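See below for the structure under consideration.
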Amino acid sequence: MNAPSLPGPLNDNPRLDLWVSFPAPGKVVVNTGRVELGQGVLTAMAQIAADELDVAVARVTVRSGVTDGMPNEGYTAGSQSIQFGGLAMGQACADVRALFIARAAKILACATDELGVRDGAIFRNGAATGQDYWTLAPAIDLSVNASGLARRKASADLRFVGQSSARTDLPGKLFGDGVFIHDMKLAGMKHARVVRQPNKGAAIGTIDEASIRRAAKGAIEFVRSGDFLAIVGNNETAVELAGAASVNHVSWTHVETPTPLQQEANWLLQRPVVDRLLGPPEPSDAQGRQRFEATYSRGYLAHASISPSCGLAQYKDDHLTVWTHCQGVFPLRGALARMLKLKPDAITVHHVQGSGCYGHNGADDAAADAAVVAMQMPGTPIRIRWRREEEFIYEPKSPAMLVKVRALVDSAGKPADWTAEIWSGNHNGRPGGGNALLAGYALPDQEPLPQANEVPEAAGGGATRNADPLYDIASKRIIHHMVTETPVRVSALRGLGAMPNVFALECAIDELAERAAIDPVAYRLSITTDMRARAVIEKVAAMANWQANAPRGNGAGRGIAFARYKNRAAYSAVVVDLEVDEEIRLRHIWCATDGGLIVNPDGAINQLEGGVIQSASWVLKEQVRLDNGTASFDWDSYPVLKFSEVPPIDVALINPTSSDMPLGVGEATAGPTAAAIGNAVSHALGIRLRDLPLTRERIMAALLKD
Amino acid sequence: MATFQFSVNGRPASVALDNEDTPLLDVLRNELGLMGTRFGCGLEQCGCCMVLIDGAPEKCCAKPVSSIAGKNVTTIEGLGTPDAPHPLQQAFLDEQAGQCGYCLSGILIAAKALLAANPSPTRAEIALALDGNICRCGSHNRILRAVEKAAAVMRGA
Ligand code: FES
Ligand code: FES
């Protein structure tokens with residue numbers, strides 16, 4: 001018999017003792033390579049493990065995010081934690097359970113199918129045997145590889161998966177415990193702030209140490225390596241003041257000064273690009289079909305995590321220990337090893353919770369900053385916390401994107417040929433893979449990095465993510481122009497290219513429906529045979545009591561949009577009600593999502609709501625401004641949606657107890673929400689706005705032009 | 001070095017500092033070891049650092065400690081404990097109101113101040129009272145529901 005194939009992360013980390021252990025009577029510890037980012041992943045992993053091991057969920061402790069003795073699952077990103085990490089966890093636990101059953105059968109001299117497990121105790125034909133996981137554990141070697149042979153629980157037998165489970169990480173956050181990396185205190189710890197190199201290639205000119213010391217109002221010292229300069233001291237207030245003052249008291253040469261022109265997506269059109277064609281060439285002849293063409297765009301976005309990034313590090317006895325809130329402790333270790341010229345096994349990286357990151361924010365860079373300073377001050381633990389403006393200016397941004405949609409429309413008004421032509425920077429600026437940690441640009445003697453690559457299509461693509469419509473269209477293609485140099489550093493933000501691509505595609509679909517004089521819901525249903533897609537569209541329309549052909553242009557609007565994230569994860573459809581005069585006021589949002597089997601329904605709904613709200617914020621308010629540098633540097637210059645601007649949101653999960661594979665939901669709503677808002681605004685105004693964000697200025701300009 | 005005395009969560013506190021402009025937030029976190037009040041911006045823009053000063057909700061990230069001498073400060077640690085949660089904390093647990101949770105200390109404090117002034121706020125009034133607090137994770141609606149629920153419990157409804 002062929003060995004079954006193991007789920008990816010288990011295949012990469014097959015030893016069972018990396019995943020499961022029984023450290024003390026009544027206790028189970030499971031390890032996951034995924035980290036808690038506020039998305040509730042540790043709670044969901046405990047539910048999965050409890051079901052496969054047949055133990056109460058309260059017995060399970062989930063450990064995560066250390067580079068020693070744990071599975072390496074790369075990054076916690078892309079809504080893949082449950083889809084792939086959960087699958088691996090489940091199989092590892094099922095295999096462990098099978099080993100224990102086999103061992104018990106031997107001791108009890110019976111067949112394995114006579115045995116069952118109840119809360120960790122072994123039962124034979126329903127009768128207690130006196131054996132349990134903990135009596136058997138000493139004799140069982142878990143340092144063996146997973147076989148993948150153990151059968152997973154049938155969905156009908158799941159007791160914890162599918163039940164809303166209270167988040168295990170929430171209480172500490174409500175009682176003010178020191179649960180965040182920012183709250184860590186190590187004995188003898190010093191605080192530090194970096195005097196940031198304004199851009200790659202900038203060099204330190206002069207340093208007015210006296211003025212910086214005066215501003216600090218307390219003792220500080222300077223640590224320098226090449227163009228990496230840090231301020232260190234015992235008193236955090238003093239180093240914070242010095243850090244702020246240093247902006248004015250350290251001069252730099254070779255400073256780049258991006259302009260407002262560069263902040264707009266259409267600036268990308270004139271830049272050097274690497275081109276790809278995915279799909280058949282575009283037909284030159286419309287063959288009697290009507291042409292449709294429209295251009296959509298979005299500016300640069302910030303992750304704008306509520307807390308600036310923080311990192312701690314200590315170099316002691318030739319070993320570097322780093323604490324970080326980044327999304328991938330193993331990739332960070334690799335990047336640190338290269339930057340600091342250490343062997344990876346001379347570095348241990350621990351994940352500690354930070355505030356929500358939604359992608360690649362400043363976390364990795366702050367950890368690297370702390371590591372650089374710690375290497376220069378052996379023995380002393382160093383804590384760095386970025387300043388607010390530092391986070392806004394230096395975190396990697398989500399690239400601006402410009403998307404041209406061209407369609408050939410048949411006599412029934414349906415698209416028969418579809419082209420999405422995309423200009424975008426790279427969505428894959430994570431450390432490793434050709435990208436330096438920020439400190440690495442300032443340090444001397446760094447090895448040149450290979451050319452950075454966009455996220456491959458096999459992983460869902462970056463700029464091309466969701467550019468391919470799921471609808472039944474005979475011929476489709478993507479033309480991708482990867483812009484190789486952008487005015488700001490760019491990388492991954494929640495959904496990568498999915499939001500701008502779904503905005504373009506789903507607004508274009510609405511424009512085609514309007515041309516064909518068909519209601520947008522009916523139009524979408526007429527071009528999709530995918531049953532799960534139809535189900536979310538029909539469900540959300542019913543939730544919102546969708547009325548076909550509601551009048552346009554009276555200031556109140558309603559829009560719908562749909563996408564299947566990455567065309568392979570969760571299906572989501574969104575309806576938005578809003579009003580527009582000079583500004584947009586959201587009135588109500590409905591969302592229907594099919595994410596297959598849902599491990600923690602309330603947790604999934606929380607993620608979906610969060611995705612809707614964040615996308616609404618992007619669409620209504622957010623764009624990174626450039627003016628002689630990054631001009632979005634605080635919450636006034638980069639506003640986000642406020643409590644009084646958030647509408648009621650209803651979320652429905654479709655078939656959450658189905659036997660369909662669980663699909664990540666964290667990023668599923670970003671695209672559909674953006675496009676549903678765009679479609680609702682067009683419905684309200686009778687004019688189409690195609691450039692995000694939909695600011696007051698843009699609305700006024702469109703109204704005046706009309 | 002100057003010494004400042006005030007009270008925190010009903011207990012007297014005394015700190016000696018070189019810099020009398022040290023923000024109250026730094027004093028709470030670094031001198032008194034109270035980590036529940038969070039740093040978000042240092043610019044009085046985000047609300048992560050909210051505490052009650054003589055009962056009034058205030059952002060304390062830029063408030064010199066010298067300005068609160070003799071006053072009563074209430075932080076998140078002064079609200080309730082896991083064994084005896086404040087009705088707001090219980091309601092946030094019940095509604096699973098929060099994702100990363102970094103904003104929650106400040107929001108709980110702002111909500112406590114609101115309910116003290118207005119025991120029966122409408123949802124719109126709650127939202128307005130929380131407009132000085134940013135939540136980037138999008139937990140807004142759960143938070144609004146939780147505050148409504150706590151208000152009802154505190155009214156004895
Ligand atoms: S940290 Fe005080 S308002 Fe942001
Ligand atoms: S829960 Fe993360 S900022 Fe509010």
Side-chain angles (χ1 to χ4, degrees), chain A residues 37-40 164 166-167 169-180 182-183 185 217-218 235-238 240-241 303-308 353-358 385 387-388 602-603 606-607 609-614 616-617 634-636 640-649, chain B residues 17-19 21-23 26-27 29-30 33-43 45-46 48 75-82 85 88-90 92-93 96-105 108 123-124 126-144:
Chain A
L37 306 170
Q39 83 286 42
S164 285
R167 293 250 309 279
D169 58 312
L170 195 57
K173 298 166 176 178
L174 290 168
F175 293 103
D177 296 351
V179 295
F180 295 107
H182 307 75
D183 308 327
K185 259 193 185 147
K217 298 186 191 166
N235 183 299
E236 184 175 18
T237 312
E240 176 85 359
L241 287 168
H303 299 77
S305 295
I306 186 85
S307 163
Q353 284 191 67
S355 65
C357 63
Y358 331 106
R385 198 250 307 128
R387 294 178 300 108
R388 178 75 260 167
D602 186 64
N606 200 348
Q607 282 289 294
E609 286 170 355
V612 166
I613 292 171
Q614 192 164 72
S617 183
D634 64 8
W635 295 109
D636 282 345
V640 299
L641 215 58
K642 294 190 292 196
F643 269 89
S644 59
E645 296 165 332
V646 172
I649 300 170
Chain B
L17 295 165
D18 285 333
N19 178 357
D21 294 331
T22 300
D26 289 17
V27 171
R29 292 180 58 83
N30 293 338
L34 294 169
M35 296 313 220
T37 309
R38 320 283 185 199
F39 176 94
C41 64
L43 306 165
Q45 292 177 342
C46 75
C48 284
T75 69
I76 182 72
E77 288 91 345
L79 245 62
T81 62
L88 277 163
Q89 289 164 318
Q90 186 58 52
F92 274 61
L93 280 173
Q96 291 286 291
Q99 290 183 35
C100 79
Y102 201 91
C103 62
L104 294 177
S105 299
L108 285 161
R123 193 170 277 216
I126 300 171
L128 219 53
L130 296 181
D131 266 353
N133 296 81
I134 293 172
C135 174
R136 184 57 167 161
C137 293
S139 305
H140 302 75
N141 286 332
R142 287 164 180 261
I143 290 169
L144 295 175

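Labels below follow one simple rule: chain letters A, B, ... track the order of the sequence lines, proteins then strands, and each chain is numbered from 1. None of these values were measured; they are calculated from a predicted model.
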Side chain, backbone, both or neither: which part of [X] has an atom under 4.5 Å from a heavy atom of chain B?
| X | result |
| --- | --- |
| A:Ser617 | side chain |
| A:Asn606 | both |
| A:Asp169 | side chain |
| A:Arg387 | neither |
| A:Leu241 | side chain |
| A:Ile306 | both |

Which one wins on heavy-atom pair count under 4.5 Å against chain B: [options]?
| options | answer |
| --- | --- |
| A:Pro648, A:Gly356, A:Ser164 | A:Gly356 |
| A:Val640, A:Thr237, A:Asp183 | A:Asp183 |
| A:Asp177, A:Asp634, A:Ile649 | A:Asp634 |
| A:Leu174, A:Ile613, A:Leu170 | A:Leu174 |

Give, as side chain, backbone, both or neither, the part of [X] having an atom under 4.5 angstrom from any heavy atom of chain A.
| X | answer |
| --- | --- |
| B:Ala97 | backbone |
| B:Leu130 | both |
| B:Cys48 | side chain |
| B:Arg38 | side chain |
| B:Leu93 | both |
| B:Ile143 | side chain |
| B:Thr75 | neither |

Residue pair [X] / [Y], side-chain heavy-atom distance below 4.5 Å:
| X | Y | answer |
| --- | --- | --- |
| B:Ile76 | B:Gln89 | yes |
| B:Thr37 | B:Ser105 | no |
| A:Glu240 | B:Phe39 | yes |
| B:Arg136 | A:Ser305 | no |
| B:Arg142 | A:Asp602 | yes |
| A:Phe643 | B:Leu144 | yes |

Measuring from A:Glu609:CD to B:Ser139:OG, what's the distance to the nearest 0.5 Å?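 Spacing of CD (A:Glu609) from OG (B:Ser139) equals 8.5 Å.
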When rounded to the nearest 0.5 angstrom, what is the spacing between CG in B:Asn133 and CD in B:Gln45?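 That separation rounds to 13.0 Å.
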Determine the minimum heavy-atom distance between [X] and [Y], stating which atoms define it.
| X | Y | answer |
| --- | --- | --- |
| B:His140 | A:Leu641 | NE2-O, 4.0 Å |
| A:Arg385 | A:Glu236 | NH2-OE2, 3.4 Å |
| A:Phe180 | B:Gly101 | CZ-C, 3.8 Å |

Max heavy-atom pair count under 4.5 Å with chain A, selected residue of [options]:
| options | value |
| --- | --- |
| B:Thr81, B:Leu43, B:Leu79, B:Leu128 | B:Thr81 |
| B:Gly36, B:Cys135, B:Ala127 | B:Ala127 |
| B:Asn141, B:Val27, B:Asp26, B:Leu17 | B:Asn141 |
| B:Pro82, B:Gly33, B:Pro85, B:Gly132 | B:Pro82 |

So, A:Tyr358 versus A:His303, ring centres under 6.0 angstrom or not?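 Between A:His303 and A:Tyr358, which both carry aromatic rings, the centre distance is not below 6.0 Å.
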Dump the intermediate steps for side chain to side chain contact (heavy atoms under 4.5 Å, CB included) on A:His182 and A:Ser307, then the final yes or no. CA-CA 9 Å; A:His182 307 75; A:Ser307 163; 2.6 Å; yes
